[in-house]
Colleague: 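The following block contains the structure, expressed as structure tokens.
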Amino acid sequence: MSYEPKTIETKWQKRWAERRVAEIDVSRPGEKYYMLNMFPYPSGDLHVGHGRNYILGDALFRYLRMRGLSVLNPMGWDAFGLPAENAAIKRGIHPREWTVANIARMKRQFDAWGILYDWSKELASCDSGYYRWNQWLFVRMFERGLAYRAKSPVNWCPSCQTVLANEQVREGRCERCAHEVEQKELEQWFLRITEFADRLDAGLDQLTEWPEQVRLQQRNWIGRSVGADVQFAIPKLGKSITVFTTRPDTIYGATFMVLAPEHPGVAALIADHPDRAAIEAWITHVRNQTNLERQAETAGKEGRFTGSYAVNPFTNEEIPIWLGNFVLPQYGTGAIMSVPAHDQRDFEFAKQFGLPLRVVVAPADGAAPVESELEQAWGDKEASVSVNSGSITGLSTPRAIEAIATEIESRGIGRRTVRYRLRDWLISRQRYWGTPIPIVYCEACGLVPVPDDQLPVQLPLDVPFTGREGNPLAKAKSFVETSCPKCGAAARRETDTMDTFVDSSWYFARFVTPRNETAIFDSAVVNRWLPVDQYIGGVEHAILHLLYARFITRVLHDLGLVTFEEPFRRLFNQGMITKEGYRDPSKNMSWVPLGEVEHRDGIPYRATTGALLVAEVAKMSKSQFNVVPPDELIERFGADTERVYTLFIAPPQDEAAWDDQAIIGQHRFLNRVWNYGERIVAMAAGAASDGEAETKLQRRRHQTIAGVTSRIERFNFNTAISSMMEYSNAIGDYLSQGGSSRETAISCFETLLQLLHPFAPHLTEEWWEKLGHETMLVASSWPVADPELAKEDFVTIVVQVNGKLRGEFEVEAGAAEAAVIEAAKSNAKVVPYLEGKTIVKTIHVPGRLVNLVVK
RNA sequence: GCCCCGGUGGCGAAACUGGCAGACGCACGGGACUUAAAAUCCCGAGUUCGCAAGGACGUGAGGGUUCGAGUCCCUCCCGGGGCACCA
């Protein structure tokens with residue numbers, strides 16, 4: 001019988017499901033291992049690029065299981081979100097229906113790939129049994145002041161018709177739809193993540209098994225900076241304004257002050273300005289700028305003089321107070337002391353408005369820069385010292401910072417401070433398909449959280465989806481109109497829903513006890529199974545999801561629900577799968593459907609218009625027509641082939657371009673494995689064993705076990721597959737070059753089946769059964785290498801003369817050094833290079849090489 | 001601008017601690033089987049000089065350390081990602 005993947009694949013998928021091989025009882029004792037693929041948004045269609053993430057996870061799952069661990073590998077659905085609502089508007093299907101149908105589709109696709117999940121733990125964030133606990137958690141946070149409502153300028157996406165968190169804005173644009181984000185002053189719900197900034201930053205140090213890149217991104221996003229708050233007196237007002245600086249040592253060089261136009265003190269400062277109206281008009285103009293405009297580097301700096309002065313507390317000089325659009329109201333105190341000689345932004349502002357510079361820092365071993373000659377701010381890459389700075393003159397920069405901070409504190413005009421770039425997390429969304437925020441507005445009682453026994457606040461199903469004008473929830477009278485839980489008076493429900501990132505910030509804990517109806521989860525069980533031992537997902541969540549999850553985990557910790565603060569011990573980010581797509585330069589570089597692309601002499605043209613096209617490698621996406629659906633591949637080659645190819649294509653953390661042609665190589669490989677099986681079972685039993693060929697194959701077997709195991713441990717799936725191919729080739733050589741022991745052939749083949757099982761599970765199960773095993777391969781024990789049998793008897797020693805390769809010879813492993821060197825010197829290929837020379841140095845690396853240095 | 005990560009055959013890549021560069025594949029060339037094709041199997045192949053034996057060159061560029069560098073150090077070029085007036 002030849003290899004027919006279709007038949008055997010459905011057979012085994014069915015059997016794994018029936019026997020519930022991936023289900024685990026969380027109360028079962030044993031060494032636990034919690035592995036988790038980030039739960040997906042159920043968009044419906046999976047392509048081979050998505051497959052990378054899940055296939056990798058499944059290979060790991062099968063391997064760990066065979067290693068004998070109790071592996072929890074659940075799957076669920078990040079099921080709230082905009083696409084479902086947009087589908088409702090476009091096609092009149094209710095978001096719930098659309099979501100449920102997509103979930104069913106995706107489950108079928110997982111099955112077709114042969115992926116095993118513990119479906120008894122399945123959860124969907126759009127089920128009220130799940131989002132109820134979202135609401136419960138929100139109320140806990142509200143009670144502790146960690147969830148609060150505030151009016152502030154927020155990011156508004158006019159296309160999505162909702163506000164966005166800071167993290168969801170990329171380069172001034174909406175992360176989802178790329179529409180430019182506007183600033184709006186709105187009252188919204190926030191979670192106080194900034195209160196955890198310090199802990200979130202410090203915790204990064206422990207995450208040694210996370211990709212360095214992700215830790216760095218989080219660190220930058222949190223943006224911890226150490227400095228000092230300093231008060232500058234405003235004699236005219238009899239008050240002072242506080243600035244934040246990371247360089248208090250440069251305070252003697254602070255020649256002016258700049259406030260954000262939004263700074264609360266501005267009105268008083270410009271009250272008696274002769275041209276007040278003009279300044280106010282300018283302030284309005286700055287406020288109306290989008291973040292994109294305001295922060296664009298090309299825009300240059302804008303500023304206005306307030307007409308007022310502050311006193312520099314160290315020089316006692318009066319310095320002018322300016323307003324500048326480059327000073328951000330949300331960071332620090334919204335006010336800065338400007339040191340134009342040593343800060344590039346201040347330098348540019350000073351040059352633009354003719355403000356004075358004063359050099360107060362100089363190289364430790366050189367002349368101080370001269371103010372009039374400066375072309376840019378002078379910074380301290382290397383050692384520098386304070387100059388022209390009163391009591392700190394002559395101190396090195398770090399010591400000067402300390403000294404001045406101490407003086408500021410002792411004089412009572414400020415203190416050391418740590419500031420963060422991180423802002424509170426805006427979670428209100430003006431959309432329907434999300435968790436309702438469980439708050440009631442009462443005339444008398446104000447903001448009243450919905451009591452626990454009234455949760456969940458159910459999302460009403462009978463809501464009109466008309467598109468555009470605002471949140472459909474606000475139009476559902478039966479939902480909005482309610483009574484105050486405190487006083488019973490008529491009241492109004494909050495109609496904002498939560499950012500879906502709230503849902504995904506704790507789902508990994510819910511997975512352990514997903515049906516718990518009395519608590520968010522069972523703490524005892526969660527504390528045994530968490531943190532997640534291995535988390536797998538894309539880098540696009542480096543900041544958003546992973547930061548929020550770390551934050552919420554700390555909240556759960558402080559609520560006494562969990563004993564840990566970091567939810568994910570190890571993190572792995574798989575790389576993207578890309579594919580060539582085609583763009584039409586004559587049509588504004590729009591993407592061309594594959595059916596319209598025609599190749600002539602390897603050059604792509606548009607079949608309909610004859611236009612020359614440009615090929616571009618990009619992330620798979622329907623809108624770019626470069627998606628490869630797995631269906632045809634599975635039909636033609638089988639899921640095992642797709643799985644092996646996906647893992648072989650490149651190191652899993654690297655980006656990889658899908659090659660429709662190269663997949664044939666993996667199909668050939670599996671086909672060969674199948675044929676070796678056929679040849680082995682056809683062998684005559686009981687033939688005499690044949691010493692050398694057998695020893696050689698056995699040695700190969702044990703080397704391969706060791707190699708594949710360590711490569712899987714290091715996630716080097718591509719090279720693990722290479723070494724299985726080599727091993728498979730060795731079995732082929734044994735069969736075709738006179739190997740005659742059926743017993744040897746079978747046991748070596750069985751080892752191949754076991755090693756290959758995580759990658760090609762169907763084919764290997766089929767052969768395991770064909771060879772007479774009654775229990776499943778997935779339940780077998782991972783083979784263990786015998787180092788004695790893996791040892792080589794002979795090693796190849798290469799001989800170099802002056803570092804150049806000149807010869808090689810075989811020698812018994814562990815041969816004496818003197819003998820090896822002697823053999824090297826007398827090697828026929830080497831001798832000519834030694835003639836007439838003297839050997840001045842001999843290097844011997846045992847088992848590898850001899851290098852003879854001659855003169 | 002700052003911070004990260006990369007750059008190895010025609011292509012995907014390998015080389016784990018400084019020790020035979022290019023394993024394993026794709027594509028390609030030659031051969032076997034076949035009426036033929038597909039499938040399968042075998043052989044070849046970094047570039048270059050040479051009939052060959054063999055030699056020279058070769059991991060983005062240049063320099064350095066070392067008996068020996070894809071691997072370590074310095075400078076630069078190119079590609080990708082992140083942050084971007086954060087005081």
Side-chain angles (χ1 to χ4, degrees), chain A residues 2 170-172 211-221 223-225 227 243-247 250 254 258 260 294-297 299-301 324-328 330-339 343-346 348-349 419-423 539-540 542-543 576 644-645 648-651 653-669 671-672 675 707 710-711 714 716 718-729 732 736 796-808 829 840-854:
Chain A
S2 63
R170 304 224 162 185
E171 295 183 344
E212 188 55 34
Q213 195 205 45
V214 174
R215 293 204 291 167
L216 267 164
Q217 277 189 51
Q218 291 219 356
R219 189 150 268 147
N220 292 339
W221 189 262
R224 183 176 196 266
S225 51
V243 302
F244 172 66
T245 177
T246 54
R247 292 293 304 277
T250 61
V258 189
R294 185 159 168 180
Q295 296 181 1
E297 215 160 352
K301 292 180 171 47
N325 67 340
F326 74 101
V327 178
L328 305 174
Q330 315 93 314
Y331 185 78
T333 59
I336 61 166
M337 63 176 210
S338 269
V339 186
D343 181 287
Q344 187 59 24
R345 297 155 301 186
D346 296 346
E348 285 164 21
F349 196 82
R419 298 268 180 189
Y420 301 90
R421 208 192 76 108
L422 184 71
R423 312 257 207 277
V539 243
E540 64 273 21
I543 299 174
M576 238 183 355
V644 176
Y645 176 61
F648 181 78
I649 189 168
Q653 67 279 5
D654 291 358
E655 188 176 300
W658 188 267
D659 183 342
D660 292 318
Q661 203 166 235
I663 192 170
I664 189 73
Q666 319 311 310
H667 189 59
R668 284 179 191 147
F669 166 50
N671 212 11
R672 243 177 288 143
N675 291 334
S710 78
R711 284 165 168 177
R714 282 177 286 140
N716 291 339
N718 55 330
T719 54
I721 291 168
S722 302
S723 69
M724 284 184 280
M725 286 175 158
E726 290 177 276
Y727 177 51
S728 157
N729 291 343
S736 56
T796 304
I797 303 290
V798 302
V799 188
Q800 297 181 339
V801 178
N802 286 344
K804 283 198 185 255
L805 180 68
R806 294 304 179 191
E808 62 174 55
K829 294 253 177 73
V840 292
K841 197 170 179 183
T842 304
I843 292 113
H844 173 230
V845 182
R848 289 194 177 272
L849 64 66
V850 173
N851 188 10
L852 304 169
V853 185
V854 301

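A note on names: the letters A, B, ... follow the listed sequences, proteins ahead of strands, and every chain is numbered from 1.
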Colleague: For A/R224, which contact category applies under a 4.0 Å heavy-atom criterion: base, sugar-phosphate, or nothing?
Modeller: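 No contact.
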Colleague: Decide, for B/rG9, between syn and anti: a glycosidic angle within 90° of 0 counts as syn, anything else as anti.
Modeller: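 That one's syn.
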Colleague: My understanding is that a pair needs two contacts under 3.5 Å, Watson-Crick or G-U wobble. By that rule, which nucleotide pairs with B/rA45?
Modeller: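 Partner of B/rA45: none.
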Colleague: With RNA chain B as reference, determine whether A/V798 or A/E655 sits nearer its 5' end, using the nearest nucleotide of each.
Modeller: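 First, find each residue's nearest nucleotide; the 5'-ward one identifies A/E655.
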Colleague: Would A/S722 and A/Y727 count as having a side-chain donor-acceptor pair, cut-off 3.5 Å?
Modeller: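 The criterion, which ignores hydrogens and geometry beyond distance, is not satisfied for A/Y727 and A/S722.
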Colleague: Distance between the C1' atoms of B/rA45 and B/rG63, in whole angstroms?
Modeller: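 It works out to 35 Å between them.
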Colleague: Within 45° of the six-membered ring axis of A/F326 and under 6.0 Å from that ring's centre, is NZ or CZ of A/K301 located there?
Modeller: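 Because its charged atom sits under 6.0 Å from the ring centre and within 45° of the axis, A/K301 does stack over A/F326.
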Colleague: Only pairs with both distances under 3.5 Å count, Watson-Crick or wobble alike; so what is the partner of B/rC2 in this structure?
Modeller: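 Partner of B/rC2: B/rG82.
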Colleague: For B/rU47 versus B/rU8, give the span between their C1' atoms, rounded off to a whole number of Å.
Modeller: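 So the two C1' atoms sit 14 Å from each other.
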Colleague: Between B/rC85, B/rA13, B/rC20, which nucleotide gets closest to the side-chain atoms of A/R848?
Modeller: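 Looking only at heavy atoms from C-beta outward on A/R848, the closest nucleotide is B/rC20.
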Colleague: Could you give the CE-to-P distance, from A/M724 to B/rA14, as a whole number of Å?
Modeller: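 Spelled out: CE on A/M724 to P on B/rA14 is 15 Å.
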Colleague: Between C1' on B/rA21 and CG on A/L805, what's the gap in Å once rounded to a whole number?
Modeller: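 Rounding to the nearest Å, CG of A/L805 and C1' of B/rA21 are 11 Å apart.
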Colleague: Taking atom P of B/rC3 as reference, at what distance in whole Å does atom CH2 of A/W221 sit?
Modeller: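 Atom-to-atom, A/W221 to B/rC3, this comes out as 20 Å.
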Colleague: Is A/K804 near enough to B/rC57 that one of its side-chain N or O atoms lies under 4.0 angstrom from OP1 or OP2?
Modeller: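 The answer is yes; a side-chain N or O of A/K804 sits under 4.0 Å from OP1 or OP2.
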Colleague: Pick the closest RNA chain B nucleotide for A/A650 and for A/K829 by heavy atoms, then say which residue is nearer the 5' end.
Modeller: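 By nearest-heavy-atom nucleotide position, the 5'-most residue is A/A650.
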Colleague: Going by purine N1 to pyrimidine N3 plus the second Watson-Crick contact, or the G-U wobble pair, all under 3.5 Å, which nucleotide sits opposite B/rA39?
Modeller: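 With both distances under 3.5 Å required, B/rA39 matches none.
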Colleague: Of the nucleotides B/rC20, B/rC85, B/rA87, which one has an atom closest to the side chain of A/K301?
Modeller: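 Closest nucleotide to the A/K301 side chain: B/rC85.
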Colleague: Just compare B/rG81, B/rA13, B/rC85 and give me whichever is closest to any side-chain atom of A/Q213.
Modeller: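 Per side-chain heavy atoms of A/Q213, the pick is B/rG81.
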Colleague: With no hydrogens and no angle check, is any side-chain donor or acceptor of A/R423 less than 3.5 Å from a backbone partner on A/R421?
Modeller: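 Side chain of A/R423 to backbone of A/R421: a pair is present.
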Colleague: In sequence, state the C-alpha distance, the side-chain angles, and the governing distance for A/V799 and A/L849, and then conclude on side chain to side chain contact (heavy atoms under 4.5 Å, CB included).
Modeller: CA-CA 6 Å; A/V799 188; A/L849 64 66; over 6 Å; no
Colleague: For the pair made of CD in A/Q330 and C1' in B/rC85, what is the distance, rounded to whole Å?
Modeller: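 These atoms are roughly 12 Å apart.
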Colleague: Determine the interatomic distance between P on B/rU48 and the same-named atom on B/rG9; round to the nearest Å.
Modeller: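 B/rU48 and B/rG9 have their P atoms separated by 14 Å.
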Colleague: Need the pair for B/rG25. Rule: Watson-Crick or G-U wobble, both distances under 3.5 Å, any strand; none if unpaired.
Modeller: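 Matched B/rG25 with B/rC11 under the 3.5 Å cut-off.
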Colleague: A/D343 near the nucleic acid: base, sugar-phosphate alone, or nothing, with a heavy-atom cut-off under 4.0 Å?
Modeller: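 No contact at all - A/D343 keeps every heavy atom at 4.0 Å or more from the nucleic acid.
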Colleague: Kindly give the atom pairs (protein nitrogen or oxygen, nucleotide nitrogen or oxygen) under 3.5 Å for nucleotides 22-27 of chain B.
Modeller:
{"residue": "B/rA23", "atom": "O2'", "partner": "A/E726", "partner atom": "OE2", "Å": "3.0"}
{"residue": "B/rA23", "atom": "N1", "partner": "A/S722", "partner atom": "OG", "Å": "3.3"}
{"residue": "B/rG25", "atom": "OP1", "partner": "A/N729", "partner atom": "ND2", "Å": "3.0"}
{"residue": "B/rG25", "atom": "O2'", "partner": "A/Q666", "partner atom": "NE2", "Å": "3.4"}
{"residue": "B/rC26", "atom": "OP1", "partner": "A/R668", "partner atom": "NH1", "Å": "2.6"}
{"residue": "B/rA27", "atom": "OP2", "partner": "A/R668", "partner atom": "NH1", "Å": "3.4"}

Colleague: For the side chain of A/Y331, counting heavy atoms from C-beta on, which of B/rC20, B/rA87, B/rC85 is nearest?
Modeller: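 In terms of side-chain proximity for A/Y331, the closest of B/rC20, B/rA87, B/rC85 is B/rA87.
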Colleague: Could you check which of B/rC85, B/rA87, B/rA14 has an atom nearest any side-chain atom of A/S225?
Modeller: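 So the side chain of A/S225 is nearest to B/rA87.
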Colleague: Whole angstroms only, please: what is the CG-P distance between A/L216 and B/rC2?
Modeller: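 Answer to the nearest Å: 16 Å.
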Colleague: How far does the P atom of B/rG7 sit from the matching atom of B/rG54, given to the nearest Å?
Modeller: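 The answer is 34 Å between these two P atoms.
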Colleague: In whole Å, measure the gap between the P atoms of B/rC74 and B/rG79 for me.
Modeller: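 23 Å, rounded to whole Å.
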Colleague: Nearest whole Å is fine: how far is B/rG68 P from A/L849 CG?
Modeller: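 Rounded to whole Å, this separation is 13 Å.
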Colleague: Roughly how far, to the nearest 0.5 Å, is CZ of A/F244 from CD1 of A/I336?
Modeller: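 Reported value, rounded in 0.5 Å steps: 12.0 Å.
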Colleague: When rounded to the nearest Å, what value does the distance between C1' atoms of B/rA15 and B/rG70 take?
Modeller: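 My reading of the C1' atoms in B/rA15 and B/rG70 gives 9 Å.
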Colleague: Can you check the distance between B/rG22 and B/rG46, where both ends of the measurement are the P atom (answer in whole Å)?
Modeller: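 Pairwise P distance, B/rG22 against B/rG46, rounds to 9 Å.
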Colleague: Please tell me whether A/R711 and A/N718 have a donor and an acceptor in their side chains that are separated by less than 3.5 angstrom.
Modeller: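 No, A/N718 and A/R711 have no side-chain donor paired with an acceptor closer than 3.5 Å.
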Colleague: Do A/V850 and A/T842 pass the side chain to side chain contact (heavy atoms under 4.5 Å, CB included) test, and can you show the C-alpha distance, the side-chain angles, and the key distance before you say yes or no?
Modeller: CA-CA 7 Å; A/V850 173; A/T842 304; 4.2 Å; yes
Colleague: For A/I843, does its backbone N or O pair with a side-chain atom of A/N851 as donor and acceptor, under 3.5 Å?
Modeller: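 Between the backbone of A/I843 and the side chain of A/N851 there is no qualifying donor-acceptor contact (under 3.5 Å).
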Colleague: Between B/rG19, B/rA87, B/rG54, which nucleotide has the shortest distance from any of its atoms to the side chain of A/I843?
Modeller: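 Among B/rG19, B/rA87, B/rG54, the one nearest the side chain of A/I843 is B/rG19.
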Colleague: Determine the interatomic distance between P on B/rC11 and the same-named atom on B/rU59; round to the nearest Å.
Modeller: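 Per the computed distance, 16 Å lies between those P atoms.
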Colleague: B/rA13, B/rC67, B/rA87: which one has an atom nearest the side-chain heavy atoms of A/V853?
Modeller: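 Selected nucleotide (nearest to the side chain): B/rC67.
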Colleague: Check the distance between B/rG1's C1' and A/E348's CD and give it to me in whole angstrom.
Modeller: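 That distance rounds to 10 Å.
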Colleague: Of the nucleotides B/rC67, B/rC16, B/rG82, which one has an atom closest to the side chain of A/N851?
Modeller: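 Comparing B/rC67, B/rC16, B/rG82 against the side chain of A/N851, the answer is B/rC67.
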Colleague: Checking A/R224 against A/Y420: charged group under 6.0 Å from the ring centre and within 45 degrees of the axis?
Modeller: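 Cation-pi check for A/R224 and A/Y420: fails.
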Colleague: Closest approach to the side chain of A/R421, judged atom by atom: which nucleotide of B/rA87, B/rA21, B/rC83 is it?
Modeller: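 That would be B/rC83.
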Colleague: Could you tell me the Watson-Crick or G-U partner of B/rC76, where both distances fall under 3.5 Å? Say none if there is no partner.
Modeller: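 When the pairing criteria are applied, B/rG60 turns out to be the nucleotide that pairs with B/rC76.
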Colleague: Given atom CD of A/Q800 and atom P of B/rG18, what is their separation to the nearest angstrom?
Modeller: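 Result: 16 Å.
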Colleague: Spell out, as yes or no, whether a donor-acceptor pair under 3.5 Å connects the side chain of A/S728 to the backbone of A/M724.
Modeller: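 Checked: no pair found.
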Colleague: Hey, what do you get for OG1 (A/T250) to CE (A/M337), rounding to the nearest 0.5 Å?
Modeller: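 With rounding to 0.5 Å, OG1 (A/T250) is 3.5 Å from CE (A/M337).
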Colleague: Who does B/rC33 pair with, Watson-Crick or G-U, both distances under 3.5 Å?
Modeller: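 Its partner: none found.
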Colleague: Applying a 3.5 Å limit to both distances, which nucleotide forms a Watson-Crick or G-U wobble pair with B/rU65?
Modeller: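 Check on B/rU65: unpaired, no WC or wobble geometry under 3.5 Å.
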Colleague: Would you mind pulling out the nucleotide paired to B/rG70, Watson-Crick or G-U wobble, both distances under 3.5 Å?
Modeller: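 Checking every strand shown, B/rG70 finds no partner, since no pair has both distances under 3.5 Å.
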Colleague: Taking donor-acceptor contacts at under 3.5 Å, does the side chain of A/N220 reach the base of B/rC83?
Modeller: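 A donor-acceptor contact between them is absent.
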